[in-house]
Amino acid sequence: MSKRIKTIQLILTMISIALVAAVFLGGMVGGRAQDPPASPTRPGKVTPSPVPEGGRMPGMPVRPIAEHELMTWDVATPNPDRQLGYEPQGEPSVDFLDGLGSHAKYATQVVEWEECGGPAQCATVLVPLDWDAPEGEAIEIAMTRIPGGDSSRGPLFVNPGGPGFGGQDMAKGLAGRWQNYDTYGWDPRGTGQSTHVVCGTFKETEANVLLDGSPDDAEEGEALRQGSKEFAQQCRDGSGKLLDHITTIDVVRDLDLLRHLVGAEKLNYVGVSYGTYVGAMYAELFPDTAGRLVLDAAVEITDREPTPQVAGFELALNNFIDWCAGSSLCDLGDDAGEIRTEIDDMLTRLDERPIDVNGRPLTQTLAALGVAVFLYEDEQAYRALAQYLGEAIAGDGDGLLMAADLYNGRTPNSYHTALYAFPAMACVDGFDEGAAVAEQNWKDTFPAAPVMAPNMGMSYTCEFWTADSAPQLKLTASGAPPILVVGTTGDSATPYEQAVSMAEQLESGTLLTLEGAGHGAVTGDNKCIAEAVDKYLYEGTPPPDGKRCT
């Protein structure tokens with residue numbers, strides 16, 4: 001099998017752990033006399049000291065990016081179908097700002113914190129649109145901090161994954177989890193309240209979401225390809241040149257500037273899912289300022305053939321079915337094989353006969369996405385999934401459509417920016433072979449996921465994207481201190497094998513394993529995981545490599 005979509009697997013992490021949780025859980029580097037550093041407990045201005053003479057400028061990698069080793073592929077001609085010559089129609093909706101003119105001016109800008117609800121404090125800073133051209137235009141990055149205890153441990157940055165999701169809400173959710181750390185969350189460029197990706201109208205996006213993702217004939221395949229082309233064009237029309245500057249390389253250069261601006265000599269960080277790629281990339285480009293990095297639910301960073309995400313969903317579905325067959329809380333039956341067949345038959349029927357839900361169709365693809373939402377969780381979500389599956393089998397699709405809407409960030413008249421930022425960021429980070437092989441690559445996943453793969457469907461979005469791929473760096477984090485990689489054996493969205501390979505490839509990687517289900521372990525309630533992570537974040541001491549928790 002050829003190596004298809006690498007680095008973060010473009011259909012890998014289409015929902016952040018923070019969004020899933022919503023379903024179920026409802027020191028400065030110096031200062032000047034006229035602008036004293038703000039107290040961690042009150043808003044104010046923060047003015048970092050200039051970078052010492054001869055020191056590394058924030059945002060500038062230790063080694064030029066061109067000097068980093070690249071991944072190796074078995075594909076001779078990458079991205080043959082991308083619409084790199086597409087000319088956008090009209091002016092983009094994204095507003096670009098006047099730049100500050102130099103890296104030094106970005107590094108010495110004043111950060112003004114304001115109260116933004118409870119203990120939270122918020123600020124917006126400028127970063128160069130193009131880090132290699134600081135004299136050009138700028139974009140905004142929004143961030144939140146929650147003071148913790150006496151703030152003696154300094155800033156701890158958090159990222160919930162995606163790509164495409166911001167971290168400000170995650171900071172609020174994790175505030176106080178680690179004593180005396182101030183919790184910082186930021187919306188990476190392209191996302192949330194930062195300068196973000198803009199695509200088509202609600203009507204245009206709705207049409208894209210309702211495309212048949214499981215083509216059965218040439219006509220359906222062509223409709224899916226044409227819809228993907230048009231979506232990519234709509235994003236270029238709305239976002240303009242922002243699409244060329246939202247790679248993870250750009251994101252971590254911003255993060256290094258934020259680290260400096262909030263006065264942290266080292267980056268302490270917790271990243272989940274795609275957030276593990278952010279952390280690994282940071283350690284690769286900035287090993288000198290990498291601090292204690294916790295990378296939970298790892299994506300694939302090696303050049304190995306990635307484990308298909310749908311295989312993780314299939315594993316999680318089978319775990320649910322086994323629970324259902326033996327539980328009095330599930331009404332789908334007591335024979336696992338019959339339950340599996342009933343679920344598959346229901347999803348397959350929707351391909352021809354979607355269920356009407358108050359004038360909206362629950363399609364095959366949307367129903368499979370709705371199921372996938374619950375498979376991100378462990379047994380706590382099984383009872384709700386059993387209920388909604390039973391209702392859909394009986395002809396009531398309201399529950400699964402509600403879950404799919406959450407997955408897609410849909411409200412009655414808009415879509416969350418993550419639906420646009422996800423493909424925009426994933427496509428420039430990823431690597432594909434073009435449209436000619438996309439359908440066969442999808443079908444190659446059927447044996448590993450006979451229920452989830454055919455029903456979740458496929459996409460041509462990246463094959464027809466209007467921006468090219470970033471350099472595919474081999475991430476080894478040479479020179480970085482110990483990095484803690486955490487994996488869960490039953491993770492549905494980021495298969496456990498990826499945590500193993502990430503820990504192996506990162507030179508200072510240490511693997512911590514949770515034997516269980518769910519997407520991500522660090523933000524959960526497992527005592528063994530919590531104790532190991534706490535000791536690492538508090539003392540800098542990782543657990544023994546290969547430690548397992550149950």
Side-chain angles (χ1 to χ4, degrees), residues 1 9 11-15 20 211-216 220 224 306-327 330-355 361-379 381-397 399-401 403-404 407 438-459 489-497 517-519:
M1 185 185 298
Q9 296 177 261
I11 53 173
L12 178 62
T13 323
M14 295 179 66
I15 187 168
V20 173
L211 286 171
D212 187 345
S214 54
D216 300 310
E220 290 183 354
L224 184 59
T307 302
Q309 185 196 36
V310 285
F313 283 127
E314 193 80 15
L315 172 64
L317 179 65
N318 289 336
N319 289 338
F320 161 75
I321 291 171
D322 290 341
W323 168 87
C324 185
S327 174
C330 180
D331 296 328
L332 298 180
D334 55 11
D335 182 276
E338 292 179 0
I339 295 171
R340 183 177 295 103
T341 297
E342 195 167 25
I343 293 172
D344 189 27
D345 287 348
M346 179 272 292
L347 293 171
T348 303
R349 284 196 303 271
L350 295 176
D351 190 30
E352 294 294 332
R353 298 188 301 277
I355 297 174
L362 176 67
T363 65
Q364 177 186 29
T365 301
L366 288 175
L369 291 179
V371 172
V373 167
F374 294 92
L375 297 180
Y376 277 88
E377 287 293 308
D378 57 19
E379 291 186 5
Y382 286 177
R383 191 172 181 179
L385 176 57
Q387 175 186 336
Y388 292 147
L389 280 170
E391 292 172 355
I393 290 169
D396 178 0
L400 288 184
L401 185 59
Y407 196 108
E439 184 172 353
Q440 186 58 52
N441 287 342
W442 166 54
K443 291 180 178 179
D444 286 345
T445 66
F446 287 12
V451 176
M452 295 304 291
N455 290 300
M456 288 188 76
M458 60 169 293
S459 169
T489 56
D491 193 320
S492 58
T494 51
Y496 172 70
E497 294 83 357
H519 181 45

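Counting from 1, the numbers follow the sequence of the chain as shown.
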Quiz item: Has the side chain of E314 got a donor or acceptor atom that lies under 3.5 Å from a matching backbone atom of M452?
Solution: yes
Quiz item: So which heavy atom on G490 is nearest to which on L315, and how close?
Solution: CA-CD2, 4.2 Å
Quiz item: Do other residues, nucleotides or ligands put more than 12 heavy atoms under 6.0 Å from D345 CG?
Solution: yes
Self-check item: From CA spacing to verdict: side chain to side chain contact (heavy atoms under 4.5 Å, CB included), M458, L224
Solution: CA-CA 9 Å; M458 60 169 293; L224 184 59; 3.9 Å; yes
Exercise. Verify ring-ring contact (aromatic ring centres under 6.0 Å, His included) between F374 and F320, making sure each step is shown before the conclusion.
Key: CA-CA 10 Å; F374 294 92; F320 161 75; 9.2 Å; no
Quiz item: Going by atom types alone, do T494 and D491 pair a side-chain donor with an acceptor below 3.5 Å?
Solution: yes
Quiz prompt | Test item: N455 side-chain N/O and V451 main-chain N/O as donor-acceptor pair under 3.5 Å | solution = yes
Quiz item: Just how far is it from atom CG of D212 to atom OG1 of T363, taken to the nearest 0.5 Å?
Solution: 7.5 Å
Quiz prompt | Minimal non-hydrogen separation, P361 against P354, with atom names | solution = CB-CB, 3.9 Å
Self-check item: Polar side-chain atom of S492 near backbone of L375 as donor-acceptor pair, under 3.5 Å
Solution: yes
Quiz prompt | Nearest heavy atoms of A336 and D322, plus distance in Å | solution = CB-OD1, 4.0 Å
Quiz item: How many angstroms lie between atom SG of C324 and atom OH of Y382, to the nearest 0.5 angstrom?
Solution: 10.5 Å
Quiz prompt | Heavy-atom pair with the smallest gap, counting every atom of W442 and S214 | solution = CH2-CA, 3.6 Å
Practice problem: Indicate whether the side chain of T348 and that of Q364 have a donor and an acceptor atom separated by less than 3.5 Å. | Solution: no
Quiz item: In Å, rounded to the nearest 0.5 Å, how long is the span from OG of S327 to CZ of R383?
Solution: 8.0 Å
Quiz item: Nearest heavy-atom pair of I393 and R349: which atoms, and what distance?
Solution: O-NH2, 4.0 Å
Quiz item: Take atom CG in D335; do more than 12 heavy atoms of anything else shown fall under 6.0 Å from it?
Solution: yes
Exercise. Going by the side chain to side chain contact (heavy atoms under 4.5 Å, CB included) test, name the single residue among L385, I339, I321 that passes it with L332.
Key: I339
Quiz prompt | Worked check of side chain to side chain contact (heavy atoms under 4.5 Å, CB included) between L350 and I355 | solution = CA-CA 7 Å; L350 295 176; I355 297 174; 3.5 Å; yes
Quiz item: Rounded to the nearest 0.5 Å, how far does OG1 of T445 lie from CD of Q440?
Solution: 10.0 Å
Quiz item: Distance from L366 atom CG to Y407 atom OH, nearest 0.5 Å?
Solution: 11.0 Å
Exercise. Hey, could you give me the CZ/CE distance between F313 and M456, rounded to the nearest 0.5 Å?
Key: 5.0 Å
